[in-house]
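Presented below is the structure to which this report refers.
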Amino acid sequence: MRALVVHEAGGPGVLRLEEWPEPTPRPGWVTIAVQAFGLNRAEAVTRAGGSGDAVLFPRIIGIEAVGIVLDGGETDLAPGATVATAMGGLGRQHDGSYAEVTQARREFVFPITVPSHPDGSPLPWATVGALPETFFTAIGCLRVAGVLDPAQPESITAADPDETPRVVVRPGASALGAAIAQIVGDLGGETIAVTRSASKVDTLRARGMTEVLVTSTDRPATVADAVRAQWPHGATAVVDTVASTATVTDDIACLATAGRITIAGSLAASYDTDSTDGLGELLSRPDIAFFSSEDIRTDVETHLLAAVLRGVAQGRFDPGIDAVVGLDDVAEAHRNMEANAYAGKVVVDLSR
């Protein structure tokens, strides 16, 4: 099979497209012919060596994929079934999705039925491939932030049907930001995106953002006044994947009474907000919580992915795809991703 193999940590050029042995079927593991997979910033971190000893090279990276079962590994999944997979060590503890064939433990494989648009045409594989990691993370962040009901983990249900969600996403020019805006909008709420790129404003508004706030290099975080000008009572939730002292301090100033902040990652270096003074103390506040997609499990996320797929087919959700590329283009896509050139999800389509 063809695969992008990282033999040593480094820049995008270490992603080498080469022939690699297909994974050997084994009990409890599902072998999947990959049809599409999304690119994620976490993979760029791993590729560059940012995961330390947690990831040993050579490694095929990639934390999500959608495709067709080749071997069910003596599980309930038969060859020919359509599935998605994400996390569970994929691309980190074992080879991942940047390949024509991958393998995942059954508890991290989600059976799916690819729905059709109202005109009868099925969703393309590239569209399906944009969804798992992004929407799992978006739903998890909103649940932790109190926007979605944690008592109904298998559905996308408002925590308080009588309250209009008002959510700030920092940074908003990402697939995660687009997914959050789609979900919040479906609940009748509003989302404000924070971005450093004025060129992305129209795209973000088109993807469901109520407002887009553009920050500057020298003042990357001060948006609370602008948020309160839009929402005098403040935001009911903030999702922050920058997570610096400056941004979290500003997030707190954005919050309404009883509002909550979800921290979902760290892109501080690329946003020039890498000061850590006092960050630990801020993150111990009771109105700040954390979400990691490492927590996903089949019994819950299979139902959530089915709901997202239906929403996309019905036009209620937009996967927020910025670019669709092939295996040959992944190294260049990593360069663009690290330069913050995209305003949404990049998907690698192997079905073409």
Side-chain angles (χ1 to χ4, degrees), residues 1-24 30-51 55-70 82-87 89-92 94-104 114 122-134 173-176 178 199-200 203 270 319-352:
M1 69 175 184
R2 294 194 309 157
L4 285 159
V5 185
V6 178
H7 290 271
E8 67 283 319
V14 302
L15 288 162
R16 302 178 190 171
L17 185 59
E18 54 190 72
E19 289 294 325
W20 198 254
E22 288 190 11
T24 302
V30 181
T31 308
I32 303 164
V34 176
Q35 302 300 302
F37 59 88
L39 300 187
N40 299 278
R41 281 184 177 269
E43 295 153 358
V45 172
T46 296
R47 183 215 73 226
S51 297
V55 177
L56 302 178
F57 299 109
R59 175 67 70 225
I60 300 170
I61 62 173
I63 63 174
E64 65 174 328
V66 296
I68 300 168
V69 173
L70 293 175
T82 52
V83 296
T85 183
M87 304 305 290
L90 190 69
R92 293 176 58 79
H94 59 89
D95 284 340
S97 61
Y98 284 27
E100 293 177 325
V101 179
T102 193
Q103 197 173 71
V114 178
L123 293 182
W125 277 112
T127 298
V128 180
L131 303 177
E133 175 68 15
T134 294
S174 65
L176 177 62
S199 63
K200 298 176 181 178
T203 298
S270 64
I321 296 174
D322 190 296
V324 178
V325 302
L327 274 178
D328 293 340
D329 308 310
V330 171
E332 182 62 23
H334 267 239
R335 292 186 185 94
N336 292 334
M337 185 165 57
E338 292 182 333
N340 297 316
Y342 295 120
K345 191 76 170 182
V346 180
V347 181
V348 181
D349 189 353
L350 280 67
S351 70
R352 298 180 294 182

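Values reported hereafter were calculated over all heavy atoms of this structure, with side chains retained and with hydrogens, waters and symmetry mates removed.
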Checklist entry - To the nearest 0.5 Å, what is the distance between CG (Leu4) and CD (Glu100)? => result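 One gets 10.0 Å once the value is rounded to the nearest 0.5 Å.
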### Message
For Tyr98 and Phe37, take the angle between the two ring planes, folded into 0 to 90°, and tell me which bin it lands in: parallel under 30, tilted 30 to 60, perpendicular over 60.
### Response
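Rings of Tyr98 and Phe37: parallel, as their planes differ by under 30°.
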For the student: nearest non-hydrogen atoms of [X] and [Y], plus distance:
X: Thr127; Y: Pro319; result: CG2-CG, 3.9 Å
X: Pro132; Y: Ala84; result: CG-CB, 4.0 Å
X: Ala126; Y: Val347; result: O-CG1, 3.5 Å
X: Val348; Y: Leu39; result: CG2-CD2, 3.8 Å
X: Ile321; Y: Ala130; result: CG1-CB, 3.7 Å
X: Thr134; Y: Ala175; result: CG2-O, 3.3 Å

Using modelled atom types only, decide if a donor and an acceptor are shared between the side chain of [X] and the backbone of [Y] within a distance under 3.5 Å.
X: Glu64; Y: Ser97; value: no
X: Gln35; Y: Trp125; value: no
X: Arg47; Y: Ala9; value: no

Tell me, do [X] and [Y] make a side-chain contact under 4.5 Å, heavy atoms counted?
X: Glu22; Y: Thr31; value: no
X: Asn40; Y: Lys345; value: yes
X: Met337; Y: Pro12; value: no
X: Glu133; Y: Glu43; value: no
X: Arg2; Y: Glu18; value: no
X: Lys200; Y: Asn340; value: yes
X: Leu90; Y: Thr102; value: yes
X: Arg59; Y: Asp95; value: yes

Requested in this report: Test Val325 against Glu332 for side-chain contact (heavy atoms from CB on, under 4.5 Å), laying out the working first.
Outcome: CA-CA 10 Å; Val325 302; Glu332 182 62 23; over 6 Å; no
Val6/Leu15 under side-chain contact (heavy atoms from CB on, under 4.5 Å): CA gap, chis, key distance, verdict: CA-CA 5 Å; Val6 178; Leu15 288 162; 3.6 Å; yes
- Without hydrogens or angle criteria, can the side chains of Thr46 and Ser51 be said to hold a donor-acceptor pair below 3.5 Å?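 Note: Thr46 and Ser51 side chains meet the donor-acceptor criterion.
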